[in-house]
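Some notes on the structure that comes next.
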There are 2 protein chains.
Amino acid sequence: MTAESTSGTSRQPAVRRAPARRVSMADVARLAGVSAQTVSRVSNGHPSVVGSTREQVLDAMRRLGYRPNSAARALKYGEFRTIGVILFTLSSVGNSRTLEAIVDHAAHEGYAITLIPVAVPTQDGVLGAFTRLGELAVDAVIVIMEVHLLDAATMTLPLGIPAVIVDSNGGDRYTVVDTDQADGTRQAVRHLLDLGHRTVWHVAGPEDSYAAERRAETWRATLTEAGLPVPAMARGDWSADSGYRAGLALADEPGCTAVFAANDQMALGLLRAFHEKGKVVPRDVSVVGFDDITDATSFIPPLTTVHQDFTEVGRHCVERVLRQVHHRRTKPGTTLVPTRLVVRSSTAPPPA
Amino acid sequence: MTAESTSGTSRQPAVRRAPARRVSMADVARLAGVSAQTVSRVSNGHPSVVGSTREQVLDAMRRLGYRPNSAARALKYGEFRTIGVILFTLSSVGNSRTLEAIVDHAAHEGYAITLIPVAVPTQDGVLGAFTRLGELAVDAVIVIMEVHLLDAATMTLPLGIPAVIVDSNGGDRYTVVDTDQADGTRQAVRHLLDLGHRTVWHVAGPEDSYAAERRAETWRATLTEAGLPVPAMARGDWSADSGYRAGLALADEPGCTAVFAANDQMALGLLRAFHEKGKVVPRDVSVVGFDDITDATSFIPPLTTVHQDFTEVGRHCVERVLRQVHHRRTKPGTTLVPTRLVVRSSTAPPPA
DNA sequence: GCGCTGGTTGTTTGCGTAAACATCGATCAG
DNA sequence: CTGATCGATGTTTACGCAAACAACCAGCGC
């Protein structure tokens with residue numbers, strides 16, 4: 001899934017070896033001395049099979065190690081009860097928590113999840129994922145894309161399959177589910193301003209992330225609306241280390257008393273940088289994060305942050321995509337999942 | 001996947017609605033005025049289709065929104081090119097990193113990954129997952145189970161499907177891949193002893209985790225071998241918060257100058273507890289973690305920890321399971337992935 | 001002109017399963 | 001004793017695709 005380790009095109013050439021003829025119903029039927037249909041009935045727990053026959057069949061199944069062929073089943077039923085999830089990386093906490101919520105909720109609805117990694121975060125990579133989609137055993141797709149790759153050209157591709165996009169701005173053409181980035185950011189910035197800070201610095205996420213852009217925009221807008229100066233923005237890559245580097249610079253910035261980091265991991269880096277520079281959080285500088293990862297309660301000090309409800313995001317994704325699967329036409333549109341500020345110990349009024 | 005949000009049995013009753021008759025090759029063939037076989041050839045990029053015909057077919061495909069039916073394909077080819085991964089939770093960093101590595105490597109081999117969540121971490125839950133396995137479109141399984149549920153009774157079930165287990169002790173009966181827990185632990189404890197500490201305290205993971213048990217055992221053994229006293233062991237649940245609680249107690253322990261935490265997140269909690277209790281790490285207490293999560297470099301202070309090579313674990317899983325898929329029959333056995341200690345700033349000689 | 005070659009397209013067939021329908025035998029009411 | 005009924009089981013068929021084979025048509029050398 002990471003760019004280094006995978007190449008979409010390096011996929012093995014489709015050498016179709018002679019399929020290793022597995023045990024089929026016919027084999028079981030032969031051994032048990034019954035018809036294939038009876039085996040099918042036993043396999044599906046159909047009632048009208050007499051006990052002794054059932055036992056014979058079960059015994060034959062065991063002896064042969066029979067396993068029903070889900071391809072044949074799916075072919076008959078016309079569905080896989082599986083949802084594909086297209087994503088680029090699992091290393092961000094947000095992605096992995098969203099995925100977990102999706103898996104949870106899908107399981108609850110009787111659906112499994114197939115992961116479709118995007119080899120490289122380029123249009124080609126996304127295209128490749130959509131192509132592979134056709135070969136995969138899925139009834140619908142959820143796209144978790146935190147990068148600017150879903151423009152009109154690319155996204156017109158996956159025709160004919162129910163799809164939901166997480167974290168994008170294509171709400172007019174597609175079904176989109178997202179955290180309410182703007183509201184969360186506004187709460188974070190307002191919280192710092194309400195404490196009395198003259199302005200708020202920002203450590204943004206990478207440029208190619210919609211979420212990062214949305215948070216940066218809203219940070220800027222909130223300051224501007226309040227008639228406050230907008231300080232220079234630092235740019236990180238979501239990692240704690242990038243937050244640390246940004247923090248070393250900010251620590252030397254004279255009037256910097258409040259920083260809003262675009263995620264908790266960068267906030268962690270900030271805390272370390274300030275600590276090393278001898279600045280005490282929150283006495284000298286206040287720090288707010290975004291995500292509310294579980295570890296945030298154990299930062300030094302425990303982090304004030306914007307709580308994202310990943311569970312809710314996952315639930316909405318599954319619900320909306322399954323609604324499409326079941327032919328209940330839905331119109332495109334965005335579902336925003338609300339956020340809330342969790343105040344812990346990393347924020348305080350500015351030093352006197 | 002978490003116990004609260006999912007119940008394996010709540011799966012929708014298998015109401016088999018009339019399958020939504022999707023566009024098939026025959027439909028495309030009819031519109032394009034060719035045979036189904038020609039559509040198949042175009043669909044698979046077979047060379048011997050003349051340009052004009054190809055265009056007609058492609059056009060018909062577009063107009064009808066044709067999407068090849070992977071069930072039929074899989075039925076013909078006898079394989080799905082998909083590996084199932086059975087796991088209980090994604091919330092542990094280890095699981096999610098291992099999964100990512102598996103996804104990466106599987107994609108590299110042209111395989112997709114289907115997640116099979118275990119509803120509840122009981123034998124029934126695992127059993128349910130294995131049952132669902134039969135209905136799923138997978139060629140093999142990788143089991144990521146950090147709990148004691150794979151005993152003989154349960155594990156005899158998934159007969160006839162290639163399988164690899166991560167993080168278990170069933171190496172004699174199954175193919176197992178694991179991090180070398182023992183060696184990693186030994187390195188951690190020896191490092192602290194070599195620095196001059198009189199003994200090493202331990203904050204263990206939950207009892208139902210093999211990994212946690214292995215680390216605890218080895219910690220104990222290493223101390224015993226060195227002829228040192230074995231202090232009382234604290235028990236956490238992998239979370240930073242549980243580490244914090246353990247740390248509050250350890251901070252009051254008189255001779256406690258070195259602590260080995262069974263994972264980095266608990267180590268994070270320890271750092272906070274010591275900080276709040278006025279103990280300076282590493283001057284007053286040394287702390288070592290396990291995992292080497294990326295954030296560990298940004299803890300205060302940066303954490304000395306045992307590096308686990310999740311990528312390598314994932315790679316071995318995929319390799320070994322695919323070997324079973326292709327060459328049929330490999331003997332069981334355990335593959336141990338080596339660890340290495342990464343020394344950062346959370347360890348030092350004991351106070352004089 | 002004839003048959004041959006090679007490239008393009010069509011036809012037949014079967015993958016494993018389960019619904020629909022057919023059959024068979026036993027039981028039972030009249 | 002007969003025929004209706006019903007439960008257990010077997011037979012046929014179709015799901016969508018692609019391999020194997022067949023058919024067809026050009027162009028070519030002789």
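Side-chain atoms are counted along with the backbone in the values below, which use heavy atoms only and exclude waters and symmetry mates. In the text below, chain A, chain B and the rest are named by the order of the sequence lines, each starting its count at 1.
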Give the rounded distance in Å between these two atoms: CD of B/E79 and P of D/dA19. 13 Å
Under the side-chain hydrogen bond (donor to acceptor under 3.5 Å, both in side chains) test, residues paired with A/S96 that sit two or more places apart: none
Test item: B/H105 side-chain N/O and B/A101 main-chain N/O as donor-acceptor pair under 3.5 Å: no
Do B/T89 and B/N95 come close enough that some side-chain heavy atom pair is under 4.5 Å? yes
Set of side-chain hydrogen bond (donor to acceptor under 3.5 Å, both in side chains) partners for B/E319, sequence neighbours left out: B/R315
Among residues 39-61 of chain B, which residues get a heavy atom nearer than 4.0 Å to DNA chain C? B/R41, B/S48, B/V49, B/V50, B/T53
CG of B/L75 versus C1' of D/dA19: gap in Å, rounded? 13 Å
Would you list the atom pairs, donor with acceptor, under 3.5 Å between side chains in residues 36-45 of chain B and any protein atom, with sequence neighbours excluded?
unit_1: B/T38; atom_1: OG1; unit_2: B/S35; atom_2: OG; d: 3.3
unit_1: B/S43; atom_1: OG; unit_2: B/R73; atom_2: NH2; d: 3.4
unit_1: B/N44; atom_1: OD1; unit_2: B/R73; atom_2: NH2; d: 2.6

Those residues at least two apart in sequence (or on a different chain) that pass side chain to side chain contact (heavy atoms under 4.5 Å, CB included) with B/L322 are B/I83, B/E109, B/Y111, B/V318, B/V325, B/H326
Do side-chain atoms of B/R97 reach the backbone of B/F310 as a donor and acceptor pair under 3.5 angstrom? no
Could you state the CZ-P distance from A/R67 to C/dG16, rounded to the nearest angstrom? 13 Å
Calculate, to the nearest 0.5 Å, the distance between atoms OG1 and CD1 belonging to B/T114 and B/I86 respectively. 11.5 Å
From NZ of A/K76 over to P of D/dG16, roughly how many Å is that when rounded to an integer? 10 Å
Which residues satisfy the side-chain hydrogen bond (donor to acceptor under 3.5 Å, both in side chains) test with A/S48, sequence neighbours excluded? A/H46
Contacts to DNA chain C from residues 29-38 of chain A, heavy-atom cutoff under 4.0 Å, which residues? A/Q37
Mind checking what makes side chain to side chain contact (heavy atoms under 4.5 Å, CB included) contact with B/A74, not counting sequence neighbours? A/A71, B/F80
Could you tell me which residues satisfy side-chain hydrogen bond (donor to acceptor under 3.5 Å, both in side chains) with B/T53, sequence neighbours excluded, listed by chain and number? none
Rounded (10°) bend between the five-pair end axes of the helix from C/dG1-D/dC30 to C/dG30-D/dC1: 60°
When rounded to whole Å, the OH to P distance for the pair B/Y77 and D/dG16 reads 17 Å
Over how many whole Å does the gap from A/M25 atom CE to C/dA19 atom C1' extend? 12 Å
Which residues share a side chain to side chain contact (heavy atoms under 4.5 Å, CB included) with B/L64, sequence neighbours left out: B/V23, B/D27, B/V28, B/L31
Restricting to nitrogen or oxygen on both sides, can you table the protein-nucleotides 22-28 of chain D pairs closer than 3.5 Å?
none

Would the distance check show the side chain of A/D139 and the main-chain N or O of A/R81 forming a donor-acceptor pair, the cut-off being under 3.5 Å? yes
Tell me: CZ of B/R73 to C1' of C/dG14, nearest whole Å? 18 Å
Atom-pair distance (CG on B/N69; P on C/dT17), nearest Å: 16 Å
Phosphate OP1/OP2 of D/dC17 contacted by B/Y66 side-chain N/O (<4.0 Å): yes
Please evaluate residues B/L90 and A/L99 with respect to the criterion side-chain contact (heavy atoms from CB on, under 4.5 Å), reporting the C-alpha separation (whole Å), side-chain torsions for both, the decisive distance (0.1 Å), and the verdict. CA-CA 8 Å; B/L90 265 175; A/L99 175 62; 3.9 Å; yes
